[in-house]
Amino acid sequence: MLNVMREQSSPVLQQTRQLPYDVVALVLQGGGALGAYQAGVYEGIHEAGIRPNWLAGISIGALNAAIIAGSPEDERVDRLREFWELICAYSIELPAGEGLVDALPFAFDIKSVRNVLAAMRALVQGQPGFFKPRFPSPLFSPFSGDAATSFYDTAPLHRTLERLVDFDRLNAGDVRVSVGAVNVRTGNLTYFDTAERRLGPKHFMASGALPPGFPAVEIEGEHYWDGGVVSNTPLSHVLSGKPSDTLTFQVDLWSAKGRVPYDMMEVSSRQKDIQYSSRTRAVTDQALRMQKMRQALQRTLDKLPDSARQDPEMRAIADLARHRSHNIIHLIYQTKLHEGHSRDYEFGLSAMRAHWQSGLEDIRRTLADGRRLDPPPPELGIVTHDIHRRD
């Protein structure tokens with residue numbers, strides 16, 4: 001199985017590219033089975049010689065971030081592939097070859113049926129190395145705690161993370177890692193960050209503990225759910241960090257834009273898109289407003305005499321007004337026609353490989369235009385490249 005995916009991608013380059021930024025961030029949204037798209041994007045970034053020094057993720061994005069940061073540099077793509085091949089091992093495949101299926105005039109219906117069956121199997125049997133169903137169901141459980149508040153047991157995921165992730169490497173400080181989770185008691189979004197604490201398997205499991213499927217994860221006496229319950233992207237966390245020139249690759253799995261639904265299935269699918277899509281435009285608009293405020297503040301400071309500018313308070317204001325360059329490359333997975341409302345738990349090998357390949361192709365096409373990596377002009381300060389794949 002691993003050889004199939006290796007044949008679909010080019011060899012990974014080992015050199016690194018020097019970029020005119022202090023921070024190169026990879027921001028990964030939550031989206032379950034769609035997270036294979038992020039793995040494909042990372043492969044393309046890696047083969048281009050780009051090495052992010054800040055990984056920020058929520059839910060499946062947090063798990064991808066853990067594997068990237070917790071693997072030797074030359075093994076990151078292979079570890080990602082091993083993870084995705086493992087958790088998608090229970091799959092519904094047709095006896096015909098993939099190429100033949102795609103060539104058939106009714107391939108659309110075949111793919112739809114295959115994806116629905118994969119989703120049903122995930123619900124009934126769980127996914128290896130990820131989660132397994134509880135018995136009895138929490139609806140009939142005589143117990144309290146996890147057994148009564150979640151449909152699936154995520155102990156397999158804990159073992160998978162311990163096997164695939166070197167947490168000493170992840171916490172070494174070479175790459176900053178931030179993952180978002182929601183405090184169940186307070187309802188507040190919390191970021192577990194290697195800049196502030198040591199992270200272990202539970203922090204990443206907390207970020208992906210989406211209720212009512214998965215149980216809340218207890219950390220230091222508090223219980224946490226999936227960060228996507230409040231916000232499905234950590235972009236604002238990255239942009240609000242220490243003033244730095246930053247290149248951000250934001251990889252989203254849900255698109256805010258879409259058509260008006262025409263039946264109940266489309267209503268469910270469109271609701272998920274809107275609920276879990278990143279408010280990227282709102283975040284970047286706010287960042288642009290802050291940039292304009294800093295520029296106006298700097299112009300005001302320039303009019304002050306030197307003696308006034310040496311005042312400690314004025315020097316603190318000058319630091320806040322310092323120019324920051326933000327380049328955001330925004331990739332968004334575009335739902336295919338044969339995918340329905342269950343696409344985030346359609347853990348089939350064929351679907352996973354298709355998601356991965358889409359991400360790889362999207363980032364390769366994006367990076368083919370070298371100008372997208374250029375810092376924005378000083379008078380602008382922030383630029384966003386919205387990359388949409390059109391089927």
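Computed over heavy atoms, backbone and side chain alike; hydrogens, waters and symmetry mates excluded.
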Tell me whether [X] at atom [atom1] has more than 12 heavy atoms from other residues, nucleotides or ligands lying less than 6.0 Å away.
X: R315; atom1: CZ; value: no
X: W54; atom1: CH2; value: yes
X: M120; atom1: CE; value: no
X: E313; atom1: CD; value: no
X: K272; atom1: NZ; value: yes

Is the shortest side-chain heavy-atom distance between [X] and [Y] below 4.5 Å?
X: D146; Y: D153; answer: no
X: S59; Y: L210; answer: no
X: T335; Y: W254; answer: no
X: S71; Y: V165; answer: no
X: H223; Y: R185; answer: no
X: F249; Y: I45; answer: yes
X: Y262; Y: V267; answer: no
X: N327; Y: D374; answer: no

*Report the residues that fulfil side-chain hydrogen bond (donor to acceptor under 3.5 Å, both in side chains) with E162, sequence neighbours left out, ordered by chain and then residue number.*
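If we apply the side-chain hydrogen bond (donor to acceptor under 3.5 Å, both in side chains) test to E162, skipping adjacent residues, there are no hits.
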
May I ask you to say whether [X] pairs ionically with [Y], meaning some side-chain N is under 4.0 Å from a carboxylate O?
X: R270; Y: D273; value: yes
X: R121; Y: E346; value: no
X: R51; Y: D174; value: no
X: R81; Y: D78; value: yes
X: E85; Y: R353; value: yes

*Between N188 and V182, does a side chain to side chain contact (heavy atoms under 4.5 Å, CB included) hold up when you go through it step by step?*
CA-CA 6 Å; N188 293 329; V182 176; over 6 Å; no

Would you name the heavy atoms of [X] and [Y] that are closest together and state the gap between them?
X: R76; Y: Y42; value: CD-OH, 3.1 Å
X: L34; Y: D344; value: CG-CA, 4.4 Å
X: Y224; Y: A181; value: CB-CB, 4.0 Å

*Tell me, please, which residues at least two apart from T160 pass side-chain contact (heavy atoms from CB on, under 4.5 Å).*
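Scan of T160 (side-chain contact (heavy atoms from CB on, under 4.5 Å), adjacent residues dropped) gives F83, L86, L164.
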
*asked:* Which residues pass the side-chain contact (heavy atoms from CB on, under 4.5 Å) test with P20, not counting sequence neighbours?
replied: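 P20 satisfies side-chain contact (heavy atoms from CB on, under 4.5 Å) with P375 once adjacent residues are dropped.
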
Distance in Å, [X] [atom1] paired with [Y] [atom2], rounded so as to fall on 0.5 Å steps:
X: S231; Y: Y191; atom1: OG; atom2: OH; answer: 5.0 Å
X: L253; Y: N232; atom1: CG; atom2: CG; answer: 8.0 Å
X: L123; Y: F151; atom1: CG; atom2: CZ; answer: 10.5 Å
X: L331; Y: Q334; atom1: CG; atom2: CD; answer: 10.0 Å
X: I87; Y: L63; atom1: CD1; atom2: CG; answer: 7.5 Å
X: I67; Y: E75; atom1: CD1; atom2: CD; answer: 13.0 Å

*Using distance alone, with no hydrogens and no angle criterion, decide if D245 and S325 have a side-chain donor and acceptor under 3.5 Å apart.*
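S325 and D245 do not have a side-chain donor-acceptor pair below 3.5 Å.
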
*Go through the side-chain N and O atoms of D362 and Y37 and say whether any donor and acceptor fall under 3.5 Å apart.*
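D362 vs Y37: donor-acceptor pair found between side chains.
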
*Any chance you could lay out the salt bridge (charged side-chain N to carboxylate O under 4.0 Å, His left out) test for R176 and E196, step after step, and finish with the verdict?*
CA-CA 10 Å; R176 181 176 177 180; E196 302 170 353; 5.3 Å; no

_Under the criterion salt bridge (charged side-chain N to carboxylate O under 4.0 Å, His left out), I'd like the reasoning laid out for R79 against D74: C-alpha separation, chi angles, the key distance, then a yes or no._
CA-CA 10 Å; R79 291 273 184 95; D74 60 348; over 6 Å; no

_Option among E43, H355, Q29 that satisfies the side-chain contact (heavy atoms from CB on, under 4.5 Å) test with Q38_ =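 Option passing the side-chain contact (heavy atoms from CB on, under 4.5 Å) with Q38: Q29.
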
_Pair N183-T190, side chain to side chain donor-acceptor pair (under 3.5 Å): steps then yes or no_ = CA-CA 7 Å; N183 186 307; T190 299; 5.2 Å; no

*With a 6.0 Å cut-off on ring centres, are F130 and Y152 close enough?*
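Ring centroids of F130 and Y152 are no less than 6.0 Å from each other.
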
_F192 ring center within less than 6.0 Å of F204 ring center_ =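 That pair fails the under 6.0 Å test.
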
*Quick one: do D302 and R299 satisfy salt bridge (charged side-chain N to carboxylate O under 4.0 Å, His left out)? Show the steps, please.*
CA-CA 5 Å; D302 290 342; R299 290 192 296 269; over 6 Å; no

